[in-house]
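Computed from a prediction, not measured in an experiment: that's the story for all the values here.
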Amino acid sequence: MSKEYFLQGNEAYAKGALKAGCKFFAGYPITPSTEIAEDMARDLPKNGGVFIQMEDEIASIGAIIGASWGGSKTMTATSGPGFSLMQEGIGYAAMTETPLVIINIQRGSPSTGQPTMASQSDVMQARWGSHGDYEIIVLSPSSVQECFDFTVKSFNLSEKYRVPVIVLGDEIVAHMREKIVIPDNVEIIPRKMPKESPEEFLLCKADENSTPNMPVFAEGYNVHVTGLTHDERGYPDTNNPQEHAKLVSRLCNKILKNREDITSTDSYKCEDAEIVLISYGAPSRSVITAVKNARNEGIKAGFLKLNTIWPFPDEEVKKLAKSADNIIMVEMNLGQLVNEVKRVAQGDAKVSLFGKIGGEIHKPLEILSFIKKVQGGN
Amino acid sequence: MSSENPYIKYLREDRLPHIFCPGCGNGIVLNTFFKGMEKAEIGLDDVSLVSGIGCSSRIPGYVKCDSLHTTHGRPISFATGLKLANPERNVIVFSGDGDSASIGGNHLIHAARKNIDLTVICINNNIYGMTGGQISPTSPKGSFGTTAPYGSFEKSFQLSELVAASGASYVARYTTAHALMLTFAIESALKTKGFSFIEVVAQCPTYYGRKNKIKQPTDMLIWLKDNSIFKMQADNMEPKEKEGKIIIGEITKQPHEEYSEEIYKLIEKQYGDKPNVFKSAYRG
């Protein structure tokens, strides 16, 4: 039996985490994500889990990495300024293949910017925020239902690929109330214990492009986990060019080579579309209305909603670039993910950006006018 | 009598030789740690080690147990998560003055305030060794480093007193020239339920010694010994007399409510059963 609720996005994130089996949350108060921490503080103990408020966001991500090696599914939630502080920990988690989930509710930026207003300006930071070559998974919900669903999915992807997964939300969806349906049971991917005995086990031994199983501390595996470049045993081996290339290539390829399994998009009336709009997060809600209105006026418009933004869904966008004349990227920034669309479209379709900053969502009428402008330009 | 080091059994022999310089204080600290651990009747099987960045933070990588070598200054945060996922575990942090007193200062005082059951062993060699001899927040006023070519004019941190004032259950300071007393302090720290902090003032002949004209490790140990005064003595001395001295002994010993125990009690009350954090990720 599933149950219906009328919830705020931030409440749905917390419910999703609990449903996915999150047993450890560490965080630091920050607008507009604080309700997630508040809900976890209230509900985690009731579910047998630990909530801890740390002294800052650097400590928060440190604590969830530590708890992850203690065998727990872990999460933190933050917004831009806190997300900046977490970048060091994200790199460490990527390098050490530590599963964890970060919810980042985007607000107006840069710096402390607009704490109570929405943006989508952390898109590239979510991808490249920590130093070095690494791959990461980022999902972007556009409804309260998706806040729940994508959080559950994030835990599953994080366990499957042993990688930090970021749910890149925005203030609009986080503070919006909608009906959502929470099923009794959701698909849960549990962490896999190594098959080998502790004596035979090597921490980082894995086939090319694959993810090794993860041991837990205190079970006799005697693992050494380090952010330094390490060999199959997990031991530091920092001056060996081949070892570094092998490790970092595997960490990237285990995500990139599984792009098909990881990425998710929804398409609406794209089959015969001459103009395809691409969006993610809150603006998707206006785009769908704009596309419907455009169709009513006889404009062959379609919509591709990106549920996963990293790794970028190359194939889906490439396909549309071949079939459509124009692509319009609608995002709440001055042009971030549009560059990925341009990279993939490669001249097959003309790519335009309808970016907007300041905190207000694109209005459907504004989008319709933009569609007409693009159409008129042909 | 065998000439083999009695603690070699605790080391990852496949990782030797280690990276520490000849005459480094880390070896003394590691030996006293193993001895203190045995005296406290704790087996290495019950221990997880966590460390940050720096020479001292390389220690866990040589010990045959689960270890987490983390980012600079953050080991106490990671250790907090690890401890709360499985409070039955002895979680011990190896850190240094750069790691604990500088970049990780905030984490240190908050863990002490929370009084979470961690043992932090901070090897304070008054300098950044790994990066080649820069001054640290504990470098004595007037000492030299590559970033203080004209001598440091900053006042140094009294790290143990800071941690004691923040609420730790147990704090002791010794030097590598006081190995036996240090062993007993480590034993006490491990037995204490709550946040325990051991500051070991140690020699770094390679950088601190070279920059401050005490190049021989033995001379540095003599300098550490001669420069130390016991806390009992220090308590009856004027501030001026204590300037530049290393105050050794137990700085505080006041066990009180411990964080992981309190939080698990709270969860048990709300959940109506024992918390189920440890290994929960492996359940479907």
What residue in A:Ser60, A:Ser72, A:Gly21 has the most heavy-atom pairs under 4.5 Å with chain B? A:Ser72
May I ask you to check whether over 12 heavy atoms, not counting those of A:Asp184, lie within 6.0 Å of atom CG? yes
Max heavy-atom pairs within cutoff under 4.5 Å with chain A, candidates B:Ser67, B:Gly73, B:Ala79, B:Gly104, goes to B:Ser67
Does the side chain of B:Tyr259 reach to within under 4.5 Å of the side chain of A:Ile52, using non-hydrogen atoms? yes
Are B:Arg74 and A:Glu88 close enough for a salt bridge, meaning some N to O gap below 4.0 Å? yes
Can you tell which part of A:Glu159 gets under 4.5 Å to a heavy atom of chain B, answering side chain, backbone, both or neither? side chain
Given that the side chain runs from C-beta out, which part of A:Phe24 has a heavy atom under 4.5 Å from chain B: side chain, backbone, both or neither? side chain
Less than 4.5 Å to any heavy atom of chain A: does that hold for the side chain of B:Arg58, its backbone, both, or neither? side chain
Min side-chain heavy-atom separation B:Phe78-A:Tyr92 under 4.5 Å: yes
Relative to chain B, which segment of A:Phe51 carries a heavy atom at a distance below 4.5 Å: side chain, backbone, both, or neither? backbone
Is it the backbone or the side chain of A:Leu228 that comes under 4.5 Å from a heavy atom of chain B, or both, or neither? side chain
Check whether any side-chain heavy atom of A:Tyr235 sits under 4.5 Å from a side-chain heavy atom of B:Arg15, and report yes or no. yes
Quick check for you: among B:Pro60, B:Ala85, B:Cys65, which has the greatest number of heavy-atom pairs under 4.5 Å with chain A? B:Cys65
Region of B:Lys114 in contact with chain A, defined by heavy-atom distances below 4.5 Å: side chain
Which one of A:Ile189, A:Val223, A:Ile61, A:Thr226 has the most heavy-atom pairs closer than 4.5 Å to chain B? A:Val223
Region of A:Pro215 that comes under 4.5 Å of a non-hydrogen atom in chain B: backbone
Selection from A:Pro236, A:Ala26, A:Gly220, A:Ala20 maximising heavy-atom pairs under 4.5 Å formed with chain B: A:Pro236
At a heavy-atom distance under 4.5 Å, which candidate from A:Ile188, A:Ile64, A:Asn47 has the highest pair count against chain B? A:Asn47
Filtered by a 4.5 Å non-hydrogen cutoff, the part of residues 274-284 of chain B contacting chain A is B:Pro275, B:Asn276, B:Val277, B:Phe278, B:Lys279, B:Ser280, B:Ala281, B:Tyr282, B:Arg283, B:Gly284
Do other residues, nucleotides or ligands put more than 12 heavy atoms under 6.0 Å from the NZ atom of A:Lys205? no
Contacting moiety of A:Ala218, where chain B heavy atoms sit under 4.5 Å: both
Highest number of heavy-atom pairs under 4.5 Å with chain A: which of B:Ile109, B:Asp14, B:Val91? B:Asp14
Tell me the residues of residues 30-56 of chain B whose non-hydrogen atoms fall below 4.5 Å from those of chain A, in number order. B:Ser48
So, the part of B:Leu68 with a heavy atom under 4.5 Å from chain A: the answer is both
Chain B contacts, top residue of A:Gly48, A:Ala67, A:Gly227 (heavy-atom pairs, under 4.5 Å): A:Gly48
Check the surroundings of atom CD in B:Gln254: do more than 12 heavy atoms from other residues, nucleotides or ligands lie under 6.0 Å from it? yes
Validation row: A:Asp56, B:His107 side chains within 4.5 angstrom (heavy atoms): yes
Flag if over 12 foreign heavy atoms under 6.0 Å of OH, A:Tyr221: yes
Which of B:Thr70, B:Val63, B:Ile263 touches chain A most, by non-hydrogen pairs under 4.5 Å: B:Thr70
Reported CG-to-CZ distance for the pair B:Leu82 and A:Phe217, which is rounded to 0.5 angstrom: 6.0 Å
Could you check which of A:Gly234, A:Gly89, A:Pro190 has the highest count of heavy-atom pairs closer than 4.5 Å to chain B? A:Pro190
4.5 Å side-chain heavy-atom contact, A:Lys46 and B:Ile267: no
Can you say whether A:Glu187 sits under 4.5 Å from chain B via the side chain, the backbone, both, or neither, judging by heavy atoms? neither
Most contacts with chain A, counted as non-hydrogen pairs under 4.5 angstrom, among B:Ile76, B:Thr80, B:Asn86, B:Leu84: B:Leu84
Which atoms of B:Asn106 are under 4.5 Å from chain A, going by heavy atoms: the side chain, the backbone, both sets, or neither? both
